[in-house]
Amino acid sequence: MVSVANFLTRAILLAYSGSVTSATPANVLQGNIVKPRDAVFRDAVTTHVVPMRSHALDHPQEPQALRRRGNKRGNLPANLTNVHDIYYIIDLLVGNQTIPVSVDTGSSDTWFVQQPYQCVSYFWDEGRKPDCGLGDGFKGNLSGGNIPDVLFGRAYTDGTFVQGYFGYEDVTIGGLTAHHQTLAIVNLTYWYGDGRVSGLLGLGYPYMTSLSGAMDSQPEYDPVFTTIWKSNPIAPIFSIALSRDDNVNATAGHPKDETSFLALGGLPPVKYDDASWGRTPIQPISAMISSWGIDSAEHGLYIISADAYVYGRTDNVTGEVVGELTRNTTQFPILIDAGSTLSVIPKKMCEAIYAAFDPPAQYLSSTGLFYAPCNATVPKFGVQIGGKTFYIAPQDLLRQNARDHTGEFCRVGVTDSDSPPHVLGVTFLSNVVAVFDVGNHEMRFAARNAY
Ligand SMILES: *[C@@H]1O[C@H](CO)[C@@H](O)[C@H](O)[C@H]1NC(C)=O
Ligand SMILES: *[C@@H]1O[C@H](CO)[C@@H](O)[C@H](O)[C@H]1NC(C)=O
Ligand SMILES: *[C@@H]1O[C@H](CO)[C@@H](O)[C@H](O)[C@H]1NC(C)=O
Ligand SMILES: *[C@@H]1O[C@H](CO)[C@@H](O)[C@H](O)[C@H]1NC(C)=O
Ligand SMILES: *[C@@H]1O[C@H](CO)[C@@H](O)[C@H](O)[C@H]1NC(C)=O
Ligand SMILES: *[C@@H]1O[C@H](CO)[C@@H](O)[C@H](O)[C@H]1NC(C)=O
Ligand SMILES: *[C@@H]1O[C@H](CO)[C@@H](O)[C@H](O)[C@H]1NC(C)=O
Ligand SMILES: *[C@@H]1O[C@H](CO)[C@@H](O)[C@H](O)[C@H]1NC(C)=O
C-alpha cells in the first residue's frame, strides 16, 4: 500500500492535528555491513521462513468504511477506491508481545497501535461511531524508550491514516531479531479492518521512511528488514510467496502448498518452475514518482519495468488463445506491492483486457471497479519480466471470492489508472515466487507450480 503524497496527506493530517512538527534526528545508525555475495547467486531455501495467514475481508465489494461514507462521498478530496480486499498477516514479536501485522512491500515503516488508542471518524463521516477494526495493540511502554518530538503520520491511498510517534524496541521475525528497532507507535487512526491485525510491516527501503507526504522530510532510519540483514548472518534478500486462498489458520507446523510465506535471506518452501527465473533491476524512486516531487536516485520501493504485457482472448471451450496475443512493449515503472490486492495498469491496455472477457467486463459504479459475470470466459494476461512471461491465473483475473451484491458478477483482478503508481499486486504475486534482492537492487521471479 502506498502512502499518498502531498496535498491529500496534508489535508487529512491538518484536519486532525495541526501541522506535523519538524523532525529532529531519529536515525539509528547500524554499521553498513554488506554481506558478501556469490558472483553468480543461486537462491536457496532459507530456514527463516514465516507462514503468512491470508485473509479476505468479508464484504470485499463494499468495505465498511466506504459504505459508511454513504452519500457524503461527494465530499471526498479524491475518488477513493478500496482495492485491498485480501491481506497477508504475520506475527511480530515486539519486546515480549505478539503483534499481528499485515505485510506490505509498498511502504517502509512498521507501525502498530498502542493501547489505548483513539479511533476517529473522517470529517465527512461525522457523528457516526468510529470502528477502526484493529486488533489489540502494544501494551505499556517500549523498553528502548520513545523518540521525543518526532511525529509519525501516514495517509494511504484508500483514505485510511495513522498517526503517532516513534520509539525503540526489539522486533523478531522468523527467528531473526532487529535490536533497538525504530518503530512507529500509533495512537490516532482512521482504519477499517476486521480486527485481525494491529499494524503493518513495511518492507520497503530506508529512503521511504523519511517521507510523510512529499513535502515533509524526516531523517530516514533503517526499517525492520534492513536492521535484520545488517545484524544477522543472512543474505540481504527476502522473498514472498502469496497464495490466493483464504488461509487464516496457517501455522508453522503445517505448511501446505497453498500456504503463503515470507522468507528472510532466501527462498520460501514452495514449488516453482526452476526454468522460469526472470530478473530485472529495481529502479530508483525517481523512476516512478518524480511527479510527486520526489526526484531521488535512491532506491525506495520495489519499482521495475516489465519488458512487455501480453494479453488476448481465449476460446470459451478449450481455453486456448484465440488468434494472436497482443504484445504491448510500452515501458512504464510498476511497483511490486504485496499490500495492494489488484494490479493497476495503464488505461488503454487495461480496457483491452476488460474487453477480452466474454462477456466483456463492465464498470460497476457502486464499486468503482470492473466486474464480469463469474462464469465469463477469462482472457490470457501475462507480464514479461527479464525475458520470462508470468501469466496470471484465471482465478486471479476473475476473482470468484470477490462478488457484487447480486453474487453473479466477480471482480476483475486488474484495474486501470493513467497516473502512478502502477502496481503488480496480489493478483500477480499469487502466481510467482518473488525475490526482493535489496543487496543487488534486483527483483527475481519464478512461476509457481499450480496449487
Ligand atoms: C471520480 O470518478 C468520477 C466517475 O468515474 C469521474 O467523473 C471523476 O473525474 C473522478 N474524479 C477524480 C478526481 O478522479
Ligand atoms: C515483558 O517485558 C516487560 C518489560 O520489557 C517486563 O516488565 C515483563 O515482565 C515481561 N513479561 C513477560 C511475560 O515476560
Ligand atoms: C509509561 O511511561 C510513562 C511516562 O514515562 C509513565 O508515566 C507510565 O507509567 C509508563 N507506563 C507503564 C505501563 O510502564
Ligand atoms: C499520541 O502521542 C503523542 C506523542 O506522545 C502525543 O503528543 C499525542 O497527544 C497522543 N495522541 C493521542 C490521541 O493519544
Ligand atoms: C480457523 O480456526 C478457528 C479457531 O480454531 C475456527 O473457528 C475457524 O473455523 C477456522 N477457520 C478456517 C477457515 O478453517
Ligand atoms: C462459446 O461461444 C460460442 C460462440 O460465441 C457459443 O455459441 C457457445 O454457446 C459458447 N459456449 C460456452 C460453453 O460458453
Ligand atoms: C499499449 O499500452 C499503452 C498504455 O496503455 C497504450 O497506450 C497503447 O495503445 C497499447 N498498445 C497497443 C498496441 O495496444
Ligand atoms: C452464466 O451464468 C448465467 C447466470 O448467472 C447464466 O444465465 C448463463 O447461461 C451462464 N453462462 C454460461 C456460458 O454458462
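The basis for the numbers below is simple: all heavy atoms, side chains too, and nothing from hydrogens, waters or symmetry mates. Heads up: numbering here begins at 1 and tracks the sequence. Note that ligands are numbered from 1 as they come in the structure, with each ligand's atoms numbered from 1 the same way.
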Subject >> By side chain to side chain contact (heavy atoms under 4.5 Å, CB included) - contacts of Pro206 (at least two apart) >> reply: Glu220, Asp222, Pro223, Thr226
Original post:
Which pairs pass ring pair (Phe, Tyr, Trp, His ring centres under 6.0 Å) with one or both residues in residues 312-355, sequence neighbours excluded?
Top reply: Tyr309-Phe332, Phe332-His422, Tyr354-Phe370
**OP:** Before accepting this row, confirm whether a basic side-chain N of the pair Asp418/Lys348 lies closer than 4.0 Å to the acidic partner's carboxylate O.
**Re:** no
Subject >> Contacting atoms of ligand 7, where contact means under 4.0 angstrom from a heavy atom of Tyr311 >> reply: 14 (O)
Subject >> Ring centres under 6.0 angstrom apart (Tyr302, Phe238) >> reply: yes
Original post:
Considering residues at least two apart in sequence or located in another chain, which fulfil the salt bridge (charged side-chain N to carboxylate O under 4.0 Å, His left out) criterion with Arg313?
Top reply: none
Original post:
Hey, which residues fall under 4.0 Å of ligand 6 on heavy atoms?
Top reply: Asn316
**OP:** Would you mind running through ligand 7 and noting each atom that sits below 4.0 Å from a heavy atom of Thr330?
**Re:** 1 (C), 2 (O), 3 (C)
**OP:** Please identify which atoms of ligand 7 are closer than 4.0 Å to at least one heavy atom of Asn328.
**Re:** 1 (C), 2 (O), 3 (C), 8 (C), 10 (C), 11 (N), 12 (C), 14 (O)
Original post:
Which of these, Asn431, Val433, Leu242, sits in a side chain to side chain contact (heavy atoms under 4.5 Å, CB included) with Arg448?
Top reply: Val433
Original post:
Does the separation of the ring centres of Phe166 and Tyr221 fall below 6.0 angstrom?
Top reply: yes
